[in-house]
Amino acid sequence: MQANKSRDTRPERAFARLLWSAGVRYRKQSRGIPGRPDFSIKRYKLAIFVDGDFWHGRDFDREHNRFHRNRDFWIAKIERNIERDRRVTSELEARGWKVLRFWETDIKKNPGVCLRAVLDHLASFNSLSAPRYLPADIQPGIYPETPSLRRPATYGEDAPLREAAEPPEPYGGK
């Protein structure tokens, strides 16, 4: 377990590139915020967590049977992580923060949908109808009220679409 990192993981770095290329400026691992979110924007009271599927118990109700060695330890550890995540989320929400949690698989498969959730929250402070940035993987119907990529109806016919600086190969090496 010594080699497993708790910060600056591959999913975090991939999401950081997306945020930065969309013009979102953030702080990483802010100490003054409960739970030390992976990304935080204090001005908008936004805390973003990138949770690993294994460590934070994605589909844990189905997957807890896969442990064969040291079963009691692993089940207790992951259940404590899940409970801590719930406690941190409720504490931040009680303080007026918006908490967004993304699974590493979601960032890997649909990074644009995750980025769009952040941009929608930020756009609500500027009274914009939708952010001008449309990630490449958002298709109409995947995310509610997503405008068509070919015709941005929100901004008129002549408004150009900006795309993020996509890495040369997709995250995960696929």
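For the numbers below, each heavy atom of this structure counts, side chains included, while hydrogens, waters and symmetry mates do not. Just so you know, residue 1 is the first one in the sequence shown, and it goes up from there.
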Check your understanding: Ile48, Val99: one ILVMFWY side-chain cluster at the under-4.5 Å cut-off?
Key -> no

Review point. When rounded to the nearest 0.5 angstrom, what distance separates CZ in Arg27 from CZ in Arg43?
Key: 12.5 Å

Revision key, fill the gap. Between the CG atom in Leu18 and the CZ atom in Arg116, the distance rounded to the nearest 0.5 Å is 14.0 Å

Practice item. Determine whether Trp74 and Lys77 make a side-chain contact, defined as any pair of heavy atoms from C-beta on separated by less than 4.5 Å. Key: yes

Check your understanding: For Asp53 and Glu104, which heavy atoms make the closest approach, and how far apart are they?
Key -> N-OE2, 2.9 Å

**Study point:** Salt bridge present between Arg58 and Asp106 (N-O < 4.0 angstrom)
**Key:** yes

Point to revise | CA sep, side-chain torsions, deciding dist, call: Val88, Phe49, side chain to side chain contact (heavy atoms under 4.5 Å, CB included) | key: CA-CA 11 Å; Val88 165; Phe49 293 90; 3.8 Å; yes

Check your understanding: Do the side chains of Ile75 and Ile78 join up, straight or via other hydrophobic residues, at under 4.5 Å, putting them in one cluster?
Key -> yes

**Study point:** Arg101 side, atom CZ; Thr89 side, atom OG1 - distance, nearest 0.5 Å
**Key:** 3.5 Å

Check your understanding: Has Arg25 got more than 12 heavy atoms of other residues, nucleotides or ligands less than 6.0 Å from its CZ?
Key -> yes

Check your understanding: When hydrophobic residues are tied together by side-chain contacts of less than 4.5 Å, even through go-betweens, does Leu100 share a cluster with Leu122?
Key -> yes

Review point. Do any pairs count as a salt bridge (Lys or Arg N to Asp or Glu O under 4.0 Å) and have a residue in residues 88-98, sequence neighbours left out, and if so which ones?
Key: Glu91-Arg95

**Study point:** Nearest heavy atoms of Trp97 and Ala47, plus distance in Å
**Key:** CE3-N, 3.8 Å

Check your understanding: Looking at side-chain heavy atoms only, is the closest gap between Phe39 and Gln29 below 4.5 Å?
Key -> no

Study note, to complete from the structure: d(Asp38 CG, Thr9 OG1) to nearest 0.5 Å is 7.0 Å

Review point. Leu46 and Tyr26: same hydrophobic cluster, using ILVMFWY side-chain contacts below 4.5 Å?
Key: yes

Check your understanding: Is the closest side-chain heavy-atom distance between Phe102 and Val118 below 4.5 Å?
Key -> yes

Check your understanding: Does atom CZ of Arg84 have more than 12 heavy-atom neighbours, drawn from other residues, nucleotides or ligands, at distances under 6.0 Å?
Key -> yes

Study note, to complete from the structure: Distance col, row Leu92:CG vs Ser40:OG, nearest 0.5 angstrom, shows 10.0 Å

Study note, to complete from the structure: When rounded to the nearest 0.5 Å, the distance separating SG of Cys114 from CG of Leu119 is 11.5 Å

